[in-house]
Number of protein chains: 2
Amino acid sequence: MVQGPPADSSGSRFTPLVVLELASDTNQDAIAWLLRRIRDQQQDGGAELLVEQLGPGVDAQEKENPNMFLVGATWQRLLSGAEDVGLFKEFNDGSMRGFTCANKHEFKDYQGDGDSFLSMAECQFIIKHLLDTLRAKQETHVPGHSEVKLYPGKSIIRRLQSKGILVQVFPLHEKEELKQLSFSWYGKVKLSLQPLDDIRHYYGEGQALYFGFLEYFTFALVPMALIGVPYYLFDWEDYDKYVVFAAFNLVWCTVILELWKRCSASMAYRWGTLSRKKAFEEPRPGFHGVLGFNPVTGREEPLYPHAKRLLRIYLVSLPFVLLCLYLSLYVMMIYFQMEGWALSVHDQEPSFWTGVLLFIPSIIYAVVIEAMNLIYRYAAEFLTEWENHRLESSYQNHLVLKVLVFNFFNCFASLFYIAFVMQDMVLLRQSLATLLITSQILNQFMEAFLPYWLQRRRNKKMMRKVQKRRTRTLEDRELPLAEQVRLEADMSTYLGTFDDYLELFLLFGYVSLFSCVYPLAAVLVVLNNVTEVYSDAFKMCRVFKRPFSDPAANIGVWQLAFEAMSVIAVVTNCSLIGMSPQVKAYFPDSESQLILWTVAIEHALLAFKFILSYLIPDVPKPIQISLARLEFESLEALKKKKMLEASEPSEPVQ
Amino acid sequence: MVQGPPADSSGSRFTPLVVLELASDTNQDAIAWLLRRIRDQQQDGGAELLVEQLGPGVDAQEKENPNMFLVGATWQRLLSGAEDVGLFKEFNDGSMRGFTCANKHEFKDYQGDGDSFLSMAECQFIIKHLLDTLRAKQETHVPGHSEVKLYPGKSIIRRLQSKGILVQVFPLHEKEELKQLSFSWYGKVKLSLQPLDDIRHYYGEGQALYFGFLEYFTFALVPMALIGVPYYLFDWEDYDKYVVFAAFNLVWCTVILELWKRCSASMAYRWGTLSRKKAFEEPRPGFHGVLGFNPVTGREEPLYPHAKRLLRIYLVSLPFVLLCLYLSLYVMMIYFQMEGWALSVHDQEPSFWTGVLLFIPSIIYAVVIEAMNLIYRYAAEFLTEWENHRLESSYQNHLVLKVLVFNFFNCFASLFYIAFVMQDMVLLRQSLATLLITSQILNQFMEAFLPYWLQRRRNKKMMRKVQKRRTRTLEDRELPLAEQVRLEADMSTYLGTFDDYLELFLLFGYVSLFSCVYPLAAVLVVLNNVTEVYSDAFKMCRVFKRPFSDPAANIGVWQLAFEAMSVIAVVTNCSLIGMSPQVKAYFPDSESQLILWTVAIEHALLAFKFILSYLIPDVPKPIQISLARLEFESLEALKKKKMLEASEPSEPVQ
């Protein structure tokens, strides 16, 4: 196991891994009960973890929350927990297998108890799982909090969380490892690949897959950027020559997504999440309903009728989304009026300033779009929460769908309108450039610099506080544990990869849909992605609390979203090609002939795309073979065991 | 177990289930060796089955093959085999679970040894599996046949089969059950649903799913047929009014396929094949290659380089298919010339006979199409065999793809040409009607009546032979076992559901693509399907050898084929609507406006179709819940077992 910070004066006798923060007004009975349940033996229904109150800070102020608890576990408990969560570790023969305590010695890095077999992130994930599955027994409510109802089998932590008694649970950073990681990630001056395996080691598979995707996407854009530069330089004023570029676009966006699936499968296989089975999902913390019997588990738990949820979705959420889309359309129309006004001013008396004025409406519109996306995002979260989904995955799917539809419409509606209704390629190019650049600047600012600035202020304050009290040796720049924990507790919470993926999705849209009229788009996106790697890495390491790792096997619903976008890209690029003067010249007499040909080619391309996605296997051949071999071996082992049992029925186990 | 035919003078002391027929010139050493291997104990690598030579027939002629063997098994062996093949049976609580000998008493119909717990079809399937997995040990070749090479782990039966020493393996019919089944299936005069559960009981899940699909498809066509009749009666000469019908078509073909998936999942769940895991597939009998090590199992077996197979596919098979398509196109052009000639004759001197002459080219063309399909079918089988696929499933996929592409093109190319190039709706209607009716008549004849007639001749001959020898009591109309077996061995072999599905696929094509111009098509197809049920049932019961059951969970690659057809149907129907004079009237000035609108609506419909197929769950909710419950229970049981083992490590098993 990774060495935790050394035991200090506050007297912790175990490596603290996870922090529980309870509300400062929590009843003492409740705290005592919770700690007992966490410490209890597994046979008695406890989590069998180590837990201890965090000592007071350096300047034990009144306003400091005393109810902070450090959670750790014995080595033995971590190993049995690893088996419970179905952790995959590297086996002797190099394959990844589900860890079991019975054959722990056959795993590659297992050298004895207490070594670095389990990474700190894995230990924290295990502890989180053990806390989450700590269930109420016969308690009807939390002692001292009669309003917090419980029933047998309910997850205690989730109930405390949804009732606000448990403020937060978060894993601790590991200063030394983090320093090394951040150096190899963004500290070095020379450009290099990201240390994806280290990222996975520290943050888990979900994060690593996001950064892997970001890197892959950036590399995939390089050929486009390379073609885009000469296009931009030599054909700047020749709007007709985009046919080749659009055709390239078409093929490109299909191919890269297919290859990503294989790439992602390779990574997930290396990290052991590809063949890992999903555990049964617990209900979300906020899920509520009438107590009944779960038809699957037979346990008593709240049920919420599906029909009622459907009513909420179709009678409230859907109309709301449509209304927002209408609003977005309305804003777009205002933008076009502004645009027309600016153009008329520029046409009357052209000067440098009126030339600048031409860009103003687009910039304002870009800012408004970002603001609307942000506000809508909150509304969508609220609505999806209110729809009361039982599972986190179903909640996520509905949220992603809502947000994607609106963001797509909001960002691209004006471009589609300019391209296909106004058919004004000059305006399209200008609008695209302004939208892209403005949104990139805004995003980078909102996402990294603002939180960083806030965090630096907090950091400095804490440092000053500590130095006020003890001015010991100068080398001892590290904060004592109690301050470190409180500092991390105050850091912003990382809300998952949703916004990061969403940003990439929109960038992918700009490039795949319209980059043929503005070839520099790919260049801009590549530049943005490179800085994005650095700013995302920076914010993960320095700005946010450490997130719990998430054993993802792929990028989930985003794969689908990107594929949908690539289908739309085929349609859009075909239409752009059909509208180009170059192609029109081939059909001087008959417009309908032109349209029919365009449609026919588009259908053929779409058919080809679907056939391609069937033909290219999602998992590379060597990995398919490895997985099949593992399955075969486990089947053979099972057969052998059965035959042994049949022939010697009274032999003791093992 | 179902009672087999009573032991007769030939002296069989067990219920014969499966017949092995070896070539009449097989070496006696080889026979003795094979029988020993089949009878050997499992521990010694045998199949542990009962096997006995079939006694001579009534008139032991010279030309009769003496190498017929009856295979059976003890009750104990069948149960352990049921566990090996992963048979699902109904559990006490009504759910379907994988059978294990350990908890056999908890299964619903298990009342003790020798009862009807396993159906005869299941017993036969188990025996087939046990024979197929009978593997060579240290033998380098079959004794007495040094040309039939063996290596450790090679399936003996498959090698014998591919070398022609084993002529056939087939399961025996069960006269009494068959009589009852055929009565409830097609013997009753009144119309009723097919006894799908009985069909599954006698023939297995694959067959039952085909008949279930046939029935479902027929019912799905009824609304179309009902709408089609008044359309046909009142709008016969009004070719313009097909818009509503085409729109209905569009929705219909999407909806029925989605609903079929749910319907099929329900059936497969009831029969226990839905959650059954696929066993490891053995290489096909005809697969050959250089001996090497299988990367999955690590066993020595022939390997064939994938690159070589790809070369064969892309350099030989693909050009051949393209050539065939070109040929089909050429024949089509000849048809159009004939059509033009007939029309010119009719126009010069119209009479009744020239009116009849108008239909002659279509009829000839329809016959030629059927003949080409048949010939191509054999060529495709030969080519796919030559591509040397390792797995039966891969072979099937390549064969289906080849045959589908050609049949689709061959049957529909002329219709597409008439509809979209010639734009002649009268000819389209006439051509469609002729094609449909001619192919139906041909099919029914080739498929059922011809084989039946042949079989009846054989049956009568056998009966005469038997009656020549013994003219005993008149009631004893049943043949003795030896004759019965020989009679069945001479019956035609049922080659699987391929041709049946292919026929339905083409019918589905006629209806979904063009029925809006010929509304009677649906009526004709319904009529055809009703007779198809009877003729298929009849041929299964009376004409063919009993096939081994096939534990299918769905209709496999055909689902995909039908869905592809329904996508093409959306495109076709949209185009037909766009071409209709009714719709054209809305766009009097601009043809390109009309085309753009048609394309836009078509895209929207396609998008809607894909969204719909995501939204409608493939498995009905109650079945999803049942499956989840089963999985949950097995996980819980595993957890409990582990905890027990951990707390009491030295307790004996069970």
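If you're wondering where the values come from, they're calculated on a predicted model, not measured in any experiment.
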A.B. asks: Quick one: closest heavy-atom pair of Glu591(B) and Ser592(A), and the distance?
C.D. replies: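 Where Glu591(B) meets Ser592(A) most closely, the heavy atoms are OE1-OG, 3.1 Å.
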A.B. asks: Could you tell me which residues satisfy side-chain hydrogen bond (donor to acceptor under 3.5 Å, both in side chains) with Thr133(A), sequence neighbours excluded, listed by chain and number?
C.D. replies: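 Scan of Thr133(A) (side-chain hydrogen bond (donor to acceptor under 3.5 Å, both in side chains), adjacent residues dropped) gives none.
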A.B. asks: State the CD1-CD distance between Ile595(B) and Gln593(A), to the nearest 0.5 angstrom.
C.D. replies: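 Nearest 0.5 Å value for the CD1-CD distance: 8.0 Å.
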A.B. asks: Tyr304(A): which residues meet the side-chain hydrogen bond (donor to acceptor under 3.5 Å, both in side chains) condition with it, sequence neighbours left out?
C.D. replies: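 Tyr304(A): side-chain hydrogen bond (donor to acceptor under 3.5 Å, both in side chains) contacts with Arg312(A).
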A.B. asks: Under a 4.5 Å heavy-atom cut-off, does chain B meet the side chain of Phe420(A), its backbone, both or neither?
C.D. replies: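 Contact with chain B involves no heavy atom of Phe420(A) at all.
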A.B. asks: Check whether more than 12 heavy atoms from other residues, nucleotides or ligands sit under 6.0 Å from atom NZ of Lys308(B), and answer yes or no.
C.D. replies: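 No.
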A.B. asks: Between Ser626(B), Ser80(B), Pro295(B), which residue shows the highest count of heavy-atom pairs closer than 4.5 Å to chain A?
C.D. replies: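 So the answer, after comparing Ser626(B), Ser80(B), Pro295(B), is Pro295(B).
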A.B. asks: With rounding to the nearest 0.5 angstrom, report the NZ to NE2 distance, Lys621(B) to His306(A).
C.D. replies: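 Reported value, rounded in 0.5 Å steps: 5.5 Å.
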A.B. asks: If you check every heavy atom in residues 596-603 of chain B against those of chain A, which residues fall under 4.5 Å?
C.D. replies: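 Only Leu596(B), Val599(B), Glu602(B), His603(B) of residues 596-603 of chain B have a heavy atom under 4.5 Å from chain A.
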A.B. asks: Which residues in residues 563-575 of chain B have a heavy atom less than 4.5 Å from any heavy atom of chain A?
C.D. replies: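 Under the 4.5 Å heavy-atom cut-off, Val571(B) qualify.
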A.B. asks: Rounded to the nearest 0.5 Å, what's the gap from CG on Asn397(A) to OH on Tyr614(B)? Could you check?
C.D. replies: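 Between atom CG of Asn397(A) and atom OH of Tyr614(B) there are 11.5 Å.
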A.B. asks: Less than 4.5 Å to any heavy atom of chain A: does that hold for the side chain of Leu560(B), its backbone, both, or neither?
C.D. replies: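 Contact with chain A is through the side chain of Leu560(B) alone.
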